[in-house]
Structure formats: structure tokens, C-alpha cells
Enquirer: 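What follows is a single structure, and I will ask about it in a moment.
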Amino acid sequence: MRLMQDRSWEGCIWTGGSWETGGGSILEIISPASGRVLARGGQASLDDVTLAASQAAGASKVWSSYSGAARANILEKAAEVLIDSIDEVAWWLVHETGSTQGRAEDSVRLTSEKLMSGARIAREMINSVVINTGTRFEQSFAERIAYGVVAVITPWNSPLVLGVRAIAPALAAGNAVVLKPDPRTPVSGGVILAMVFEKAGLPAGVLQVIPGGADVGEALILDPNIAKVSFTGSTAVGRRVGMLAGESLKSISLELGGNNALIVLDDAEVGQAANAGARGSFGHQGQICMATGRHIVHVDVAERYVTTLVELAEKLRVGDPATDKVDIGPLISESQADRVERLVNSSVSAGAVIRTGARREGRFYWPTVLGNVDPSMPVYTEEIFGPVAPVTVVRDEDEAINLANMTSYGLVASVFTSDLVRGGAVLDQLRTGVGHVNDRTVKSDVRAPFGGLGCSGNGSRYGEVADLDEFSTWRWRTIRETSVEKRDSANVVPKSTSERGGKG
Ligand code: NAD
């Protein structure tokens, strides 16, 4: 199936169910690998934000009156359309985000699963719970209701799946959505989703797609028609977004950065741990919130671990995933490559040892293993978002736990050990929203609750078991057969104690 038959979306935003010229400046969509201009995208102006939010508010009234089954049918159809278009969608992920072909295809499949998960939520959603009042004269219900319009703001690194992980449950619960993708990835983060949902039969106006920068994002958060904000991005921007949402008293879900530890204990299967460490640090060039940012390894296995990690890193092919069979593509921008280089160089100046890599050509950065890393170094303290594996050696389990917790982030932690009870006990002491024993830090399951603590988020969780709590709220409704109020009584104020004869 051809999803994007023509280029009518170029220079446009998706509002009210059609492609309209955006009032913002035209965006050049650039391949991070080749620097080639792929297309010209539209951006919203601040007036477009107002219009999109108000159209969504109108559409949300119709959409929330659809039955759960009707909403589920559309989400299932969207999953089907997406899978049928896997080649075209993967092409955009490869060209626009610098993803490898395999990862791009996995991302399309995961996104389709997420849509199916949304369908399950819509179909099985328990809308109301009866509260026992003890009398047949009064009925009392706790009802789940949609917020109205949800603003979804997404980053460039995995724009398709991160958009859908919020859009699918929001729609399932009966909300309309205004999506603001990152201006670097407006097609895989926005245009494709507009096309998929249109083909799936989503009523006009229920999903609006308005690419734009920080000004568009801020206007969207503050718009009076927006009732709930779902933000995925950096911790620094998340703070600002949280402030704006707080100021306007809106419900907000914040999914932010990570600096995730992989602990390798002395009884771990070292080959498996190193494989998980390599995939965790180098997959998608390290540009994943769940990436392994710190390798904390017991001294007894440290040299074997580092040697294996170096061997794995050196096997990875670096290049343009659009033209070559490669494992490592480009970083998203020159400035991100500058940042990675700076973090590595300053850590090396402070005593870290390059075991392999630390080589750069333009936006390409070679998979790098750094030894002798201590907790004061920038590669340890900061989220790198590049293909770098910093290794820190510890003497025992307690030191490993202390070091892993020595961060303000709290997204994911993994522990490798052959003793499962020991692994569980270590996880219990780690302050993260997600923890795994003998698995990679980068792991996805559409059913599981995903989210962070501390600087990684404000306690929101995405995933089937948690989605309804995130994207719907409760209303208490009671119905009495007859009122308990006295008829024709104008006296609404209780009598004062003196009027009642001075007794308390
Ligand atoms: P970013 O914070 O720079 O941008 C994210 C989105 O926010 C973009 O759409 C951007 O245009 C928008 N934005 C920027 N300033 C804004 C403002 N003032 N008001 C409203 N919107 C604004 O993040 P990024 O660099 O694009 O993405 C990388 C970061 O995202 C990393 O820190 C990564 O860990 C994090 N991330 C977290 C998760 C998660 O689930 N926890 C998933 C993916 C990425």
C-alpha cells in the first residue's frame, strides 16, 4: 500500500482533517547521514496552535461519544495500515532519523503493537464502577472520563513509537489529540501518523498534527482547550514544560532523560552481560532514553568484560544506513556530535582511558569504550546520547549499588548475576522506575508500565496496565430518586447555636 500517495503534505500541517499551509516557516527536512534535503515540511504558527486546539476540542465531543468498540476498530485498522506500509515508513525512519534498517522495521512493528494495545484498552475499558450506597433511592457511580484534548509533544530520537505510545491510549480513552513532533523529524513523527489515522477512518479533527519549535510547544501547553499534556524529551525542557503546565493547572505526564546503569556482578555470565552492554550503549548510536550510560563492573570480571565489549564494538560497521549495510548510523546533528566529542575528551583529560573508538567524522561517531571512569567524570554524570560505553570498576555489590544510585536520573537499571535472588535484592535497592535482571537496559513491552523517577520523570507511566490512569480521569456521579431537601424551604443556612437555645 502507498501511504503517502502524493506530496500534498509538503509545507503543510494537518488540521481539521486536511493538509493546510502552515503559518510557520518552511522546514528543510535533512538526512542526518548525507545532509541531503529530503523534503520541505510545514510548521505551525501560534494562530495555527489556537485553531488546532479549538478544532480538536470540537472533535473530542463527537469522539468521546463513540463506543469503545468503535474506537477500538479504528485503532486496529491503524495498526493494519501501518504494517502494510512498513517499507515506506521504515524508509523515512532511516532517512530522517538516521536509524538502521533493522531498527526502523522493529520500530514500525512495535508501534503497530502499541496501536493494538490501544484497541484493547478501548474495547475492555471499564467505564464505570457502582458504589454501594446501601439504598435503592440513590445510585452512585465512579465513572472514567476523557480529559478532552491531550497535547502530545515528542522528541526526534524515536518519533513514531513515542508519538503513538501517547496517542493510542489517549484516543482509546476518548480524547482528541494535538501532536507536536520535533521539527527535525516531522514526517516520521507526524505526517505518517496523520496519514495512517486518516486511512483508518479517524473522524476529522480528532488528531491534529502541528510541527514546530519551542514557541509552538509552549503555546500549545498554555492553550485553554488543552486539558492534559504528555511530554517526552530532555530533562531541561521537561522542567520548563512542567512549570507551564503547573502554572495553568493542567495534568502533565513527563518522560525525560536517563543515565542508566548496567551492573555486572562477580558471578555474572560475562559474555552475555557484555553483549547486553554493547547493544545498550551502541544501539541507535546511543540515542535512546534507556541506553546503557554507565557500566558498573565487579573487579573480578572487569577485564574480561571490557575486552569483550571492545571486540563487539570493533565489529560494528559505521556509515549511512540509507546506502550501506551498517550497524551504526549518524548522530542526529552536528551539535550533538560536538557534545559527545566534548564529553569524551573532557573525561579522557580527567583520566578516562580510551579502549576503542573516540573517532569522529562529521556526524558519525565510532562506538567507544572508556575504561578507568570515575563518578566525577562528565561521561558518568551526564546523559551522553551517543555511542559511548563508560566502564567503572567496583570492589563489591554495595559499592555497585551506591554508584548506580549516584545520579539524579532514575529511568532503568539492569543487573547481571547468576543468582536470581541476589539480582532481585540488588534491584530492590536501586532507585529507578524500571529494573531488569539479566537483560538489557533497552527493552520494550507495550503492556508493561514504563517511566522514571527523579530527573527522568514525574511519576507518569506509559504501557497498557497504566495507560488509562494516565489518559483518563474519574468523575463521581450520583442520582437520587427524590431529593432529601425540604420542599419550599428558603432557609439554607444551619441555625446558629444561640438560635438553637445556646446548646452546642
Ligand atoms: P528536547 O527536550 O529538546 O525536545 C523534545 C520536544 O520538546 C521537541 O518536540 C521540541 O521541539 C519540544 N520543545 C523544546 N522546547 C520546548 C518548550 N520550551 N516548550 C515545549 N516544547 C518544547 O529533547 P530531544 O533532544 O529532542 O530528545 C532527547 C531527550 O529525550 C533525551 O534526554 C532523552 O533521554 C529523552 N527521551 C526520553 C524518553 C522517555 O521515555 N523517558 C524517550 C525518548 C527520549
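For the numbers below, each heavy atom of this structure counts, side chains included, while hydrogens, waters and symmetry mates do not. Just so you know, these numbers come straight off a predicted model, no measurement behind them. Start at 1 and go down the list; that is how both ligands and their atoms are numbered.
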Enquirer: Evaluate Arg240 for polar contact with ligand 1, using N/O atom pairs at a separation under 3.5 Å.
Expert: no
Enquirer: When the ring centroid of Trp14 is compared with that of Trp19, is the distance short of 6.0 Å?
Expert: yes
Enquirer: Starting from atom 19 (N) of ligand 1, find the nearest protein heavy-atom neighbour and note its residue, name and distance.
Expert: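 Checking every protein heavy atom, the shortest distance to atom 19 (N) of ligand 1 gives Glu218 CG, 3.3 Å.
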Enquirer: Could you check whether Arg165 makes a cation-pi contact with Tyr462, meaning its NZ or CZ is under 6.0 Å from the centre of the six-membered ring and within 45° of the ring axis?
Expert: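 Judged by the rule (NZ or CZ under 6.0 Å from the ring centre, within 45° of its axis), Arg165 counts as positioned above Tyr462.
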Enquirer: For atom 23 (O) of ligand 1, what is the closest protein heavy atom, and at what distance to 0.1 Å?
Expert: Ser234 N, 3.3 Å
Enquirer: What part of Pro183, side chain from CB on, backbone N/CA/C/O, both or neither, has a heavy atom under 4.0 Å from ligand 1?
Expert: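 The answer is the side chain.
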Enquirer: What residue and atom, counting heavy atoms only, is the protein's closest point to atom 34 (O) of ligand 1, and at what distance?
Expert: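 Atom 34 (O) of ligand 1 sits closest to the protein heavy atom Glu383 OE2, 2.5 Å.
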Enquirer: Under a 4.0 Å threshold between the charged nitrogen and the carboxylate oxygen, would Arg461 count as salt-bridged to Glu470?
Expert: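 Judged by the 4.0 Å cut-off on N to carboxylate O distance, Glu470 and Arg461 do not form a salt bridge.
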Enquirer: Below 4.0 Å, non-hydrogen atoms only: which portion of Asp182 touches ligand 1? Side chain, backbone, both or neither.
Expert: both
Enquirer: Under 4.0 Å from ligand 1, counting heavy atoms only, is it the side chain of Phe450, its backbone, both or neither?
Expert: side chain
Enquirer: Decide whether an N or O pair under 3.5 Å exists between Phe385 and ligand 1.
Expert: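 By distance alone, the answer is no.
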Enquirer: Do me a favour and list the nearest non-hydrogen protein atom to atom 35 (C) of ligand 1 with residue, atom name and distance?
Expert: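 For this ligand atom, the closest protein heavy atom is Gly233 O, 3.2 Å.
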Enquirer: Heavy atom under 4.0 Å from ligand 1: found in Leu244's side chain, backbone, both, or neither?
Expert: neither
Enquirer: Starting from atom 27 (O) of ligand 1, locate the nearest protein heavy atom and write down its residue, its atom name and how far away it is, to 0.1 Å.
Expert: Pro155 CB, 3.4 Å
Enquirer: Would you say Asn157 has any N or O atom under 3.5 Å from an N or O of ligand 1, going by distance alone?
Expert: no
Enquirer: May I ask you to identify the nearest protein heavy atom to atom 43 (C) of ligand 1, giving residue, atom name and distance to one decimal place in Å?
Expert: Leu162 CD1, 3.3 Å
Enquirer: Counting only heavy atoms, which portion of Arg184 has something under 4.0 Å from ligand 1: side chain, backbone, both, or neither?
Expert: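 It is the side chain that gets close, since no backbone atom is under 4.0 Å.
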Enquirer: Hey, does Asn157 have a side-chain heavy atom less than 4.5 Å from the side chain of Phe385?
Expert: yes
Enquirer: In terms of atom number and element, which parts of ligand 1 are under 4.0 angstrom from non-hydrogen atoms of Gly217?
Expert: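 Matching atoms, with element in brackets: 20 (C), 21 (N).
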Enquirer: Tell me the contacting part of Val241 for ligand 1: side chain, backbone, both, or neither, using a 4.0 Å heavy-atom threshold, strictly below.
Expert: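 Val241 to ligand 1: side-chain contact only, backbone stays beyond 4.0 Å.
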Enquirer: Please work out whether any backbone atom (N, CA, C, O) or any side-chain heavy atom from C-beta onward of Arg165 is under 4.0 Å from ligand 1, and answer side chain, backbone, both or neither.
Expert: side chain
Enquirer: Where is the nearest protein heavy atom to atom 13 (N) of ligand 1: which residue, which atom, and how far?
Expert: Val237 CG1, 3.8 Å
Enquirer: Distance-only, no hydrogens or angles: does the Asn405 side chain make a donor-acceptor pair with backbone N or O of Arg431 under 3.5 Å?
Expert: yes
Enquirer: For atom 6 (C) of ligand 1, state which one of Thr154, Ile221, Val412 supplies the nearest heavy atom.
Expert: Thr154
Enquirer: With a heavy-atom distance limit of 4.0 Å, tell me whether Gln287 approaches ligand 1 through its side chain, its backbone, both, or neither.
Expert: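 Neither part.
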Enquirer: Going by an N to O cut-off under 4.0 Å, is there a salt bridge joining Glu361 and Arg359?
Expert: yes
Enquirer: Would you call Glu382-Arg339 a salt bridge at under 4.0 Å N-O?
Expert: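 Yes, charged N to carboxylate O under 4.0 Å.
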Enquirer: Check whether any side-chain heavy atom of Asp324 lies under 4.5 Å from a side-chain heavy atom of Arg317, and answer yes or no.
Expert: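 Side chain of Asp324 against side chain of Arg317, heavy atoms only: no contact under 4.5 Å found.
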Enquirer: Judged on heavy-atom distance to atom 41 (N) of ligand 1, which of Leu256, Leu254, Leu179 sits nearest?
Expert: Leu256
Enquirer: Does some side-chain heavy atom of Val89 sit less than 4.5 Å from a side-chain heavy atom of Leu3?
Expert: yes
Enquirer: Would you check whether Ser456 has a nitrogen or oxygen atom less than 3.5 angstrom from a nitrogen or oxygen atom of ligand 1?
Expert: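 No; every N/O pair is 3.5 Å or more apart.
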Enquirer: Would you say Ser472 and Arg144 are linked by a side-chain donor-acceptor pair, where the criterion is simply a distance under 3.5 Å?
Expert: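 Present: a donor and an acceptor within the cut-off.
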Enquirer: So, do Tyr147 and Trp474 have ring centers that fall under 6.0 Å from each other?
Expert: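 No, too far apart.
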Enquirer: Taking atom types as modelled and ignoring hydrogens, do the side chains of Ser31 and Ser34 form a donor-acceptor contact shorter than 3.5 angstrom?
Expert: yes
Enquirer: Does ligand 1 come near enough to Ile288 that some N or O of the ligand is less than 3.5 Å from an N or O of the residue?
Expert: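 Not met; the criterion fails.
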Enquirer: Identify, for atom 7 (O) of ligand 1, the protein heavy atom at the shortest distance, and state residue, atom and that distance.
Expert: Phe231 CE1, 3.2 Å
Enquirer: Looking only at the side chains, is there a donor atom on one of Glu255 and Ser460 sitting less than 3.5 Å from an acceptor on the other?
Expert: yes
Enquirer: Does Lys443 have more than 12 heavy atoms from other residues, nucleotides or ligands lying within 6.0 Å of its NZ?
Expert: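 Not buried by this count: 12 neighbours or fewer within 6.0 Å.
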Enquirer: Would one find an N or O of Thr232, backbone or side chain, under 3.5 Å from an N or O of ligand 1?
Expert: no
Enquirer: Could you tell me whether Arg294 sits above the aromatic face of Tyr380, with NZ or CZ closer than 6.0 angstrom to the six-membered ring centre and within 45 degrees of the axis?
Expert: yes
